[in-house]
Each structure stands twice: as C-alpha cells, then as structure tokens.
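Structure record follows, encoded as structure tokens.
Side chains are part of it too, since the values below use all heavy atoms of this structure and drop only hydrogens, waters and symmetry mates. Below, read A as the first sequence line, B as the second, and so on, with proteins coming before strands; counting in each chain starts at 1.
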2 protein chains.
Amino acid sequence: MASGFEAHDHTDCIRTAMARVEKHCAEKSLRLTKSRRRVLELLLSEHKALGAYDILAQLAAEGWNAQPPVAYRALDFLVKNGFAHKLERVNAYVACINPDADHLPSFMICRDCDAVAEARSPAHARAFKAAAEAAGFEIEKTVLEAQGLCPSCQSAENETQR
Amino acid sequence: MASGFEAHDHTDCIRTAMARVEKHCAEKSLRLTKSRRRVLELLLSEHKALGAYDILAQLAAEGWNAQPPVAYRALDFLVKNGFAHKLERVNAYVACINPDADHLPSFMICRDCDAVAEARSPAHARAFKAAAEAAGFEIEKTVLEAQGLCPSCQSAENETQR
DNA sequence: TTTGATATGTTATAATATATCAATACGGAG
DNA sequence: CTCCGTATTGATATATTATAACATATCAAA
C-alpha cells in the first residue's frame, strides 16, 4: 500500500493519484493549472516532504522563472482541496494518498531520510476529535504528526553503532 | 483544572508551576537563569500561545535589550526540559501544564482568541504511538494539535450571526 | 463581447529561526 | 581560593519560511 513505508509500484501510484485529482477537479470545476499540476507531480514523485523552496528550486531547474508566490499559491490550492497536506513539524508538504473526503490525516516523518508515511488507521484521530468535542472544542483542523526513525533508518543506525 | 478552557485560580496556577519547575531544576542541576525564568513566567501568565517575537517584544518593553537568540535559547531550554511546548501549527509556545515526565502532549488551539488547552486524556496519543510502532516506526516526538473554536468563541460566533 | 471572478507575474517585505564568535559567569577539582 | 572546563550570554549577521500588494492575463458565463 502506498501510504506506508513499504515498497510499491510508484509509477502506478503517481498515475492513479493524478487521475483521481483530475477527476475531482473536473467534477468540482477546479482549475488544475500548469503550475498546480506540476507542483502536485513533484510532490507525488516522492514519498517525502518537500519544502516550498525545494519546489521552487525544482521549477527553476526546469526553466520556470518561479518566485515564492508561485509555489505557495499552488500549495495553497492543493492543500485547500485536499490533494496535499502540510507537515507543520517540518514546514513541508506531501501529496495526499487518501482519497477520502473528510479524513483526519496523520503522519510519520523520518528525521533521517525525510520519508513520510500517512498512517492508515484513523482510530487515534477520531479519538482525539472525540476528546476535543467532549471538552466543548469545535475542531476545524487537526495536526497529527510523529517524528522519528522509519524502519530502514533504524537499521542503518544500528549498523553504524557496531 | 488548569489545562482546560475552564476558569481557575490563575495566580495559584502560575505559582504552582513555577515551584514545580524550580524544584525540578534544583534536582537536575539545571540553571533556571534570569532570561529562562522570565520567559517561562511570560508563558505561564497566559493560557495562550506566544510567539518568540511576542516574547521579545515583552522583554523589550521591560527594558531588556533582547535579540532573537535570547528568546529562542530560553525557549529551547524550556522545551528541551519539558517546561514548555512548541505549537507547530502556529509557531508559538505554551507553558507545560502537565508535570508528567514522558507525556505525549496534545493541544486544542482556538483560532479566534488564541487560547490553548492541553488535552487531558492521553488515550488518543497512546493509540497513535501504538499505531506507529505497529508500522515499525520509532517515535521520538509527537505533534498533536487541533485548531478550531473554543467554547466561548463558539458562543461569540453564534451571537454575531443573529 | 463585455464582465466579473479567478489565476498569474513581479517586486518587495514580513515573520520565523539559526550561525557564529567573542565575552562572561558558573561550579567543581585541586 | 583559584584555576579550569563548560555552559550561558551578548551581539551581529544571515538563513529560512511565508505573505502583501498590485498590475496583468485568462476563463467562463451572461
């Protein structure tokens, strides 16, 4: 599954995600313009978080004369429409893997290789939501992020310790 | 209880927290220096998140010639030792209300009045941790934040809508 | 085909955070 | 006590992240 740390067919994973976004945009009359599309492709091309300035650098390398607002506007669009998420802990962005409308995404972020996995089970997110609502708090947005070491970087650390 | 949105004896709440931190520092030979102490007091003086530059402004108003590193160093100390937390969603800091050593704090942040409450029940945090560990991810730090409207700002919104 | 709304281009700047290095203060060993 | 190593502070500069503002261009509906 594409949302974990496991290997998968990434080409397919990108294609599927793009198709889904295109469909959604068509249905909702959202304009998936050139810069928005390209930024989404860049995000999809890695299961890594990219900073806005990483994206700008990529665009520049492709010949765009891209100033900061270009990246931030595209990212705002993608985030607002649920095609990407911002990882607050690292000021970076990832493509959304989960097509559900109102999911409460949560992430595991590797501090070593920057890999990002979207957690599968929403149970803890729902529990948080329920706890907040029990306290009379009306949730509009949740930020659920874990930072640490992904499986392969744990192995790597163990290697070097020997 | 001091960690919710309810009214409470705030003077007492500050005093208790300061005493606890002082005790902890004495036991662990940590140096609660002038700037660290003052920054903690500023954080405790509100159940609100303060940005580093808010703190710098306060210090300046009190006659300190405080440059950014002063605030960031004090905040680093407080966060590292568990006396304060950073709210990643809003790039701001709150005093820690929960004296437990290894708690996994989670927060509710009002987007309207900036009030912050630390959630009481760690159940969702533990569930998240368990889910991550089940995926082979080794957690070092969690960021659990909900943004929305606190009870009193919900009422305020309803008033103005009439 | 005008119009209104949405998106882009461009410049500038705001807001948040850290690097660096010299000077000082602190606390334990002798 | 005084020396020494470490932790902390002072001060300047700069890096990183993000937005304001406004002119121009594009789209799609009347």
Side-chain angles (χ1 to χ4, degrees), chain A residues 21 25-40 42-43 48-60 62-81 83-94 109 111 114 143 145 147, chain B residues 22 25-40 42-43 49-60 62-81 83-94 109 111 114 141 143 145 147:
Chain A
V21 169
C25 285
E27 286 169 4
K28 300 270 175 94
S29 308
L30 297 172
R31 289 156 66 180
L32 188 60
T33 59
K34 194 176 143 199
S35 57
R36 291 167 176 176
R37 169 185 293 273
R38 188 68 195 126
V39 170
L40 177 56
L42 290 173
L43 292 180
K48 266 175 83 166
L50 293 179
Y53 284 77
D54 296 334
I55 288 166
L56 286 167
Q58 285 262 12
L59 294 179
E62 294 172 8
W64 303 48
N65 182 11
Q67 298 305 311
V70 171
Y72 284 104
R73 286 164 176 167
L75 290 167
D76 284 351
F77 171 86
L78 296 172
V79 169
K80 180 160 49 165
N81 293 292
F83 306 143
H85 301 293
K86 179 174 185 187
L87 301 182
E88 299 289 348
R89 174 65 176 169
V90 291
N91 296 318
Y93 302 81
V94 282
I109 308 166
R111 70 155 154 81
D114 293 332
V143 175
E145 300 172 10
Q147 197 168 32
Chain B
E22 277 164 5
C25 286
E27 285 168 6
K28 299 270 176 95
S29 307
L30 296 172
R31 289 157 66 183
L32 187 61
T33 59
K34 195 175 144 203
S35 56
R36 292 167 176 176
R37 170 185 292 273
R38 188 67 195 124
V39 169
L40 178 56
L42 290 174
L43 292 180
L50 292 180
Y53 283 77
D54 295 334
I55 289 165
L56 286 166
Q58 285 261 12
L59 294 178
E62 295 171 8
W64 303 48
N65 182 11
Q67 299 303 311
V70 171
Y72 284 103
R73 285 163 175 167
L75 290 167
D76 285 350
F77 171 86
L78 297 173
V79 169
K80 180 159 50 166
N81 293 292
F83 307 142
H85 301 292
K86 180 173 184 187
L87 301 182
E88 299 288 348
R89 174 66 177 170
V90 291
N91 296 317
Y93 303 81
V94 282
I109 309 165
R111 69 155 154 82
D114 294 330
K141 152 99 183 160
V143 175
E145 301 171 10
Q147 198 168 30

**OP:** Could you please name the option among D/dA18, C/dT8, C/dA17 that lies closest to any side-chain atom of A/Pro68?
**Re:** D/dA18
**OP:** Give a yes/no answer on whether the side chain of B/Asn91 brings an N or O atom under 4.0 Å of OP1 or OP2 in C/dA17.
**Re:** yes
Original post:
A/Phe77 near the nucleic acid: base, sugar-phosphate alone, or nothing, with a heavy-atom cut-off under 4.0 Å?
Top reply: nothing
Original post:
Has B/Lys34 got a side-chain N or O lying under 4.0 Å from the OP1 or OP2 atom of D/dG10?
Top reply: no
**OP:** Find the distance A/Lys80:NZ to C/dT6:P and express it as a whole number of Å.
**Re:** 9 Å
**OP:** Taking only the side-chain heavy atoms of B/Pro69 (C-beta and beyond), determine which of D/dC22, C/dT18, D/dT19 contains the nearest atom.
**Re:** C/dT18
**OP:** Specify the separation, in whole Å, of atom CG of B/Leu87 and atom P of C/dA17.
**Re:** 11 Å
Original post:
Does B/Thr33 put a side-chain nitrogen or oxygen below 4.0 Å from OP1 or OP2 of D/dT9?
Top reply: yes
**OP:** Report the nucleotide, chosen from C/dT6, C/dT16, D/dA20, that has the shortest atom-to-atom distance to any side-chain atom of A/Arg31.
**Re:** C/dT6
Original post:
B/Arg36 side chain N/O closer than 4.0 Å to the phosphate oxygens (OP1, OP2) of D/dT8?
Top reply: yes
Original post:
A/Tyr72 side chain N/O closer than 4.0 Å to the phosphate oxygens (OP1, OP2) of C/dA15?
Top reply: no
Original post:
Within less than 4.0 Å of OP1 or OP2 of C/dT8, is there a side-chain N or O belonging to A/Ser35?
Top reply: yes
Original post:
Rounded to whole angstroms, how far apart are CZ on B/Arg73 and P on D/dT12?
Top reply: 13 Å
Subject >> Distance in angstrom units between A/Gln67 CD and D/dA21 C1', rounded >> reply: 15 Å
